[in-house]
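Worksheet for the structure shown next.
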Amino acid sequence: MRRSISALRKCAFLVSLLCHVLSVYAQQRTIYGEVRSESSGEKIEGATVLLKSGLSSTADLLAYSITTADGTFSLKPKKALLDSAYIEVRCIGFKAHRQYISSGVNAYKVQLKEEVFTLKEVAVKAPKIRQSGDTISYNIASFATAQDRSIGDVLANMPGVSVSDNGQVSYNGSRISHLYIEGNDLFNEKYSIATQNLSYKNIARAEIIENHQSIKALASTNDDSKREVALNLTLKDGAKSKWGGYVQAAGGIRPYTWEGELFVANFSERFQSASTCKSNNSGKLIAKEHEALTLSDILNMQNYKDSQLSDFIQVSPTRQTDLNEDRIKTGTTHIVNSSNLWKWGKHTVMQSQIAYSDDHTNYRSDSRTSYFLTDSTLVMDATDQYWGISRNLQGEWSIKSNQDRYYLNNLLRASATWGDATSSVLNNNWGINQEAGNKPFTLSNKLEWIRKFGKHIVQVNSYSSYTNSSENLTVEEDSRSTQIVRRKHLFADAQASHSFDWKRWNFTTKANLQFVFHWLESEFQGLSVDTVFLNHHRVWHWQLKLMPQIAYKSRLFSFSLQVPLSYYQYRKTATSHESHWFYMPEVFCKWKVHPFFTLFASGAAGTLSSGYDYAYLQPIMSNYKTFSSGFFSFPGKKRARGTFRLSYANPIEMLFAHVSVSGSTDTSDNQVEKTVTNTHVFYNYRPGHSHSRMLMTDFSIQKGLDGINGKVNLHTMYQRSKSEITQNAVEESFRTTSFRTDLTVQSTIASWMDLKYTALFSSNRMKSSLYETYNWRTMQQLSVVCMPTKQWQLRLSGEHYYNHYASHAKQQIVLLDAHVSYLHKDNEWFCSIRNAFDERKYTYTAYSELSSQTVSYDIRPRTILIGFRRMF
């Protein structure tokens with residue numbers, strides 16, 4: 001009897017185990033196939049495929065999908081399939097199709113019959129978001145609100161998309177690499193000209209393209225490490241091949257203020273052009289439209305880092321605040337920009353871009369700098385009145401042929417800057433005047449040539465640049481000090497590579513040859529530091545680098561491993577030279593763990609070469625109180641870094657999220673030594689081991705909500721770093737941490753009202769063995785737009801700041817703006833008031849290198865503008 005019961009228990013266990021295995025198998029089962037037209041046989045894109053189970057009246061939806069450009073679909077049911085499970089396919093212009101799932105069959109070919117029907121008088125509403133493969137298409141009309149003017153305003157309303165104040169666009173935490181208009185990259189990295197000026201009314205769709213490769217010859221390779229995110233704007237038919245834009249003028253008194261803007265553009269099949277001309281003294285930051293925004297431009301500068309030079313002389317005040325810069329900036333700004341593109345045939349494009357800016361900047365600030373010494377705290381109080389003028393002229397010309405088997409791109413750039421600055425400083429009740437000038441000129445040329453032979457790709461790249469820089473500084477207190485720095489820098493880099501695909505693998509061999517010549521001459525004379533400092537150096541180096549790479553790509557997983565090895569030889573004189581080997585293996589992984597989840601991981605570890613910013617020995621004065629000297633050797637440094645990122649994207653549910661963790665460590669044989677006196681701060685490098693570490697986490701989640709006709713965005717960032725410095729002959733390590741979180745809610749409450757609310761909290765802490773300081777601040781922003789009629793619009797926006805900037809020191813201010821406009825067809829008359837409560841001061845604290853600085857800036861006074869804007 002006991003044996004029978006035992007046998008029954010074993011049978012029951014085996015049956016239960018078998019059912020569990022079958023259930024797991026059923027849950028892991030994938031249904032896939034393709035959809036075609038029955039009459040023409042063409043693949044159908046955008047068809048809705050539903051997987052249901054049960055009776056038609058009470059059917060349970062198990063999975064859904066949208067067919068891609070090649071007509072394929074994939075369904076992963078969350079539950080075990082019943083005998084009554086079936087596929088339902090629907091598409092406009094075709095009859096609905098139902099096909100039952102057969103046991104053991106996972107692949108299905110569906111043919112839809114065309115259906116001819118007559119539409120009655122109905123309103124057809126396009127879906128807000130559509131997904132086709134790696135492309136997510138947003139319907140512009142579904143996200144535009146009453147307060148929007150430019151396409152950048154509408155992009156900021158879209159779930160998964162973020163737009164910064166300077167027009168930079170990011171998708172789910174990743175910066176876009178290109179902004180296309182009808183498939184053409186008219187603006188290159190200066191695409192804020194489009195986001196801040198192009199009217200959204202001319203745009204039909206905004207398409208986010210993931211896994212984007214701009215070079216067609218490399219699109220089919222198995223190397224996914226170079227793929228990026230791009231944005232394409234599709235125009236409405238009525239906006240193509242005609243000139244359009246806007247003109248705006250406004251003025252006010254007490255204080256006397258003006259704004260003038262003109263933007264014209266034309267986008268046709270063979271020609272694209274956009275030009276801007278703007279001028280104001282209202283503080284509006286129009287000069288930022290000339291900034292480089294794309295990640296690809298930054299990566300190019302990292303690849304050619306030895307071609308870059310940083311300025312020695314810095315007399316402008318630093319700003320690290322949540323308050324927008326246009327709240328404190330006074331002065332006049334003028335910009336002119338013209339971008340043009342011509343298409344020759346199907347594949348060849350010629351482009352030109354010329355930009356000029358004339359920016360006059362005024363600031364007034366009070367500051368208290370505290371240097372935390374071993375036995376005391378040294379405090380310096382200063383009042384700074386700063387006037388700066390920066391004139392910049394830049395132009396670029398390129399010709400590009402982008403074909404499936406051939407790619408050629410040559411880009412010629414020239415940039416010249418004329419900068420002058422004057423600063424009157426009352427430092428510890430001691431009057432100081434300083435005048436600075438900066439005149440750099442840079443000419444560069446970049447060539448890319450790619451040829452594809454079957455599965456083999458040959459690539460040749462070259463980059464060369466020449467920089468001529470002249471800086472000067474004059475400081476007058478009880479005596480006169482002068483600093484002059486002149487530099488010439490020649491950089492030439494050439495590389496050739498060969499790559500080929502084998503099954504799912506890609507093998508690349510790349511060789512690089514580089515030459516750099518650097519000439520520096522500096523002279524300091526002054527009585528405040530009773531000596532003369534002279535630098536006169538000529539340094540050149542050549543480098544040979546080998547970069548083998550292996551990459552793998554499957555449907556869900558890809559990775560690449562690059563192992564660069566470099567040999568540098570530096571020559572300081574005809575007989576003096578030093579040689580070094582550098583290496584930096586780098587790995588990149590991407591895994592599509594789920595249709596909605598993608599995992600990214602990258603890391604690198606090795607040694608890096610030293611740049612030329614510190615290639616001098618005698619001190620150079622950068623402002624009235626700061627001197628720095630470098631080291632005339634190039635030992636390099638060790639670095640290890642890693643990044644982990646998990647992103648979630650469900651466009652149909654309008655839910656996007658990402659979390660990333662990145663860290664790095666740097667080790668060098670040169671140690672920073674800082675000497676603080678009652679009047680000056682000296683920085684120099686000495687032999688010694690130094691180590692720094694950094695950890696940063698970033699989290700963001702965005703959800704589009706139909707219930708409020710808007711979206712909610714939560715963003716949190718935490719950063720911690722640890723560094724070492726020798727201050728006044730005492731070696732000390734210190735740690736800084738920062739935390740920031742903000743919540744934004746956007747909603748179109750009704751057809752006549754829009755609302756946007758943002759709440760932010762941020763904190764900063766610096767800790768050493770002797771000192772610990774902490775500050776925090778909160779910010780709230782509320783913007784309400786009302787349209788009581790189609791012609792009238794009222795916009796109210798308020799900002800509330802509450803800053804804890806020092807021990808027992810707090811500040812609370814409220815900034816209120818109002819804007820009233822009357823719209824009639826394409827004309828708009830408006831009246832605006834900024835800083836209605838006439839707040840005058842904004843104060844915050846920042847930390848760096850065992851010191852803290854509390855700064856109080858003057859805020860622009862109450863300003864009233866009356867103006868006119870016309871769209872054409």
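Given the structure is predicted, the values throughout are model-derived calculations rather than measurements.
In this model, a donor atom of one side chain and an acceptor atom of the other lie less than 3.5 Å apart for Ser164 and Asn166. Counted by atom type alone, Gln746 and Asn157 present one or more donor-acceptor pairs between their side chains at under 3.5 Å. Side-chain contact check for Trp258 and Ser279: at least one donor-acceptor pair (N or O, by modelled atom type) lies under 3.5 Å. Residues Tyr191 and Gln196 bring no donor and acceptor atom of their side chains to less than 3.5 Å of each other. Counting only N and O atoms by type, the side chains of Arg862 and Asn835 include no donor and acceptor under 3.5 Å apart. Side-chain contact of His360 with Asn362: a donor-acceptor pair under 3.5 Å is absent, judged by distance alone. Under the 3.5 Å distance criterion, with hydrogens and angles disregarded, no donor-acceptor pair is assigned to the side chains of Ser700 and Gln702. Using modelled atom types, one finds a donor on one side chain and an acceptor on the other under 3.5 Å when comparing Glu228 with Ser177. Asn340 and Ser273 share a side-chain donor-acceptor pair at under 3.5 Å. With no hydrogens or angles considered, no side-chain donor-acceptor pair links Asn266 and Gln272 at under 3.5 Å. Under 3.5 Å, the side chains of Asn280 and Thr333 contain no donor-acceptor pair of N or O atoms. Between the side chains of Ser338 and Ser275, at least one donor-acceptor pair of N or O atoms lies under 3.5 Å. Thr744 and Thr758 form a side-chain donor-acceptor contact under 3.5 Å, judged by distance and modelled atom types alone. Judged by distance alone, the side chains of Ser192 and Gln168 never bring a donor and an acceptor atom under 3.5 Å apart.
A distance of 10.5 Å separates OG1 in Thr135 from CZ in Arg205, rounded to the nearest 0.5 Å. The line from OG1 of Thr748 to CG of Asn709 is 4.5 Å long, rounded to the nearest 0.5 Å. Here CD of Gln351 is found 9.0 Å from CH2 of Trp342. Values are rounded to the nearest 0.5 Å. To the nearest 0.5 Å, atom NZ of residue Lys216 and atom NE2 of residue His347 are 6.0 Å apart. With rounding to the nearest 0.5 Å, the separation of OG in Ser783 from NE2 in His819 is 11.0 Å. A distance of 9.0 Å separates OG1 in Thr330 from CG in Asn281, rounded to the nearest 0.5 Å.
Ion pairing of Lys201 with Asp826 is absent here, as no side-chain N (NZ or NE/NH1/NH2) approaches a carboxylate O to less than 4.0 Å. We find that Arg327 and Glu799 are joined by a salt bridge, their nearest charged nitrogen and carboxylate oxygen being less than 4.0 Å apart. Note on Lys284 versus Asp326: no salt bridge recorded, every NZ/NE/NH1/NH2 to OD/OE distance being 4.0 Å or above. For the pair Glu269 and Lys240, the salt-bridge criterion is not met [side-chain N within less than 4.0 Å of a carboxylate O].
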Practice item. Output, in order, the C-alpha distance, side-chain angles, deciding distance and verdict of side-chain hydrogen bond (donor to acceptor under 3.5 Å, both in side chains) for Asn202 and Ser199. Key: CA-CA 6 Å; Asn202 296 325; Ser199 173; 4.6 Å; no
Exercise for review: In sequence, state the C-alpha distance, the side-chain angles, and the governing distance for Asn184 and Phe267, and then conclude on side-chain contact (heavy atoms from CB on, under 4.5 Å).
Suggested key: CA-CA 10 Å; Asn184 294 311; Phe267 305 99; over 6 Å; no
Point to revise | Worked verdict on Asn337 versus Thr276 for side-chain hydrogen bond (donor to acceptor under 3.5 Å, both in side chains) | key: CA-CA 5 Å; Asn337 180 285; Thr276 58; 4.6 Å; no
Point to revise | Derivation of the side-chain hydrogen bond (donor to acceptor under 3.5 Å, both in side chains) call for Ser132 and Glu45 | key: CA-CA 8 Å; Ser132 177; Glu45 177 186 3; 2.7 Å; yes
Practice item. For side-chain contact (heavy atoms from CB on, under 4.5 Å), just list the numbers for Asp185 and His178, CA-CA rounded to whole Å, side-chain angles, deciding distance to a tenth of an Å, and then say yes or no. Key: CA-CA 7 Å; Asp185 192 359; His178 300 273; 3.0 Å; yes
Exercise for review: For Tyr180 and His212, run ring-ring contact (aromatic ring centres under 6.0 Å, His included): C-alpha distance rounded to whole Å, both residues' side-chain angles, the deciding distance at 0.1 Å, then the answer.
Suggested key: CA-CA 12 Å; Tyr180 299 106; His212 175 66; 5.4 Å; yes
Exercise for review: Under the side-chain contact (heavy atoms from CB on, under 4.5 Å) rule, what do Leu411 and Asn445 come out as? Steps first, then yes or no, please.
Suggested key: CA-CA 6 Å; Leu411 175 63; Asn445 189 81; over 6 Å; no
Exercise for review: Kindly indicate, with the supporting measurements, whether the criterion side-chain hydrogen bond (donor to acceptor under 3.5 Å, both in side chains) is fulfilled by Gln780 and Tyr757.
Suggested key: CA-CA 7 Å; Gln780 297 182 84; Tyr757 172 76; 2.6 Å; yes
Practice item. For the pair Glu210 and Arg227, evaluate salt bridge (charged side-chain N to carboxylate O under 4.0 Å, His left out) and give the outcome as yes or no after the intermediate values. Key: CA-CA 8 Å; Glu210 298 183 276; Arg227 297 185 183 273; over 6 Å; no
Check your understanding: Which is it for Val154 and Tyr138 under the side-chain contact (heavy atoms from CB on, under 4.5 Å) test, yes or no, and what are the steps along the way?
Key -> CA-CA 10 Å; Val154 182; Tyr138 293 82; over 6 Å; no
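In this structure, the side chains of Gln353 and Trp397 stay at 4.5 Å or more apart for every pair of heavy atoms. For the pair Glu325 and Lys288, the minimum side-chain heavy-atom distance is below 4.5 Å. Looking at heavy atoms from C-beta onward, Leu816 lies out of side-chain contact with Arg834 at the 4.5 angstrom threshold.
For Phe441 and Tyr466, the distance between ring centers is not under 6.0 angstrom. Between Tyr857 and Tyr842, the ring center distance fails the sub-6.0 Å criterion.
Checking side-chain atoms of Glu207 against main-chain N and O of Leu231 turns up no donor-acceptor pair under 3.5 Å. With hydrogens and angles ignored, the 3.5 Å screen pairs no side-chain donor or acceptor of Ser401 with any backbone N or O of Ile399. No donor-acceptor pair closer than 3.5 Å links the side chain of Ser170 to the backbone N or O of Gly173. For Ser150 (side chain) and Thr195 (main-chain N/O), a donor-acceptor pair under 3.5 Å exists by modelled atom type. Between the side chain of Asp153 and the main chain of Arg149, a donor-acceptor pair closer than 3.5 Å is present. A donor-acceptor pair under 3.5 Å is formed between the side chain of Ser307 and the backbone N or O of Tyr304. In terms of modelled atom types and a separation under 3.5 Å, the side chain of Asn172 and the main chain of Gly160 share no donor-acceptor contact. Listed for the Asp148 side chain is a donor-acceptor partner under 3.5 Å among the backbone atoms of Thr145. In this structure, Asn402 contributes its side chain and Ser214 its backbone to a donor-acceptor pair below 3.5 Å.
Residue-environment remark: CG (Asp134) exceeds the threshold of 12 foreign heavy atoms within 6.0 Å. Open room surrounds NZ on Lys242; 12 or fewer heavy atoms of other groups in view lie less than 6.0 Å from it. The number of heavy atoms from other shown groups lying within 6.0 Å of NZ (Lys756) does not exceed 12. Within a 6.0 Å radius of CZ in Arg270, other residues, nucleotides and ligands contribute more than 12 heavy atoms.
Because its NZ or CZ atom is both nearer than 6.0 Å to the ring centre of Tyr246 and within 45° of the ring axis, Arg869 counts as a cation-pi partner of that residue.
Between Trp829 and Phe868, the ring-plane angle classifies as tilted under the 30° and 60° cut-offs.
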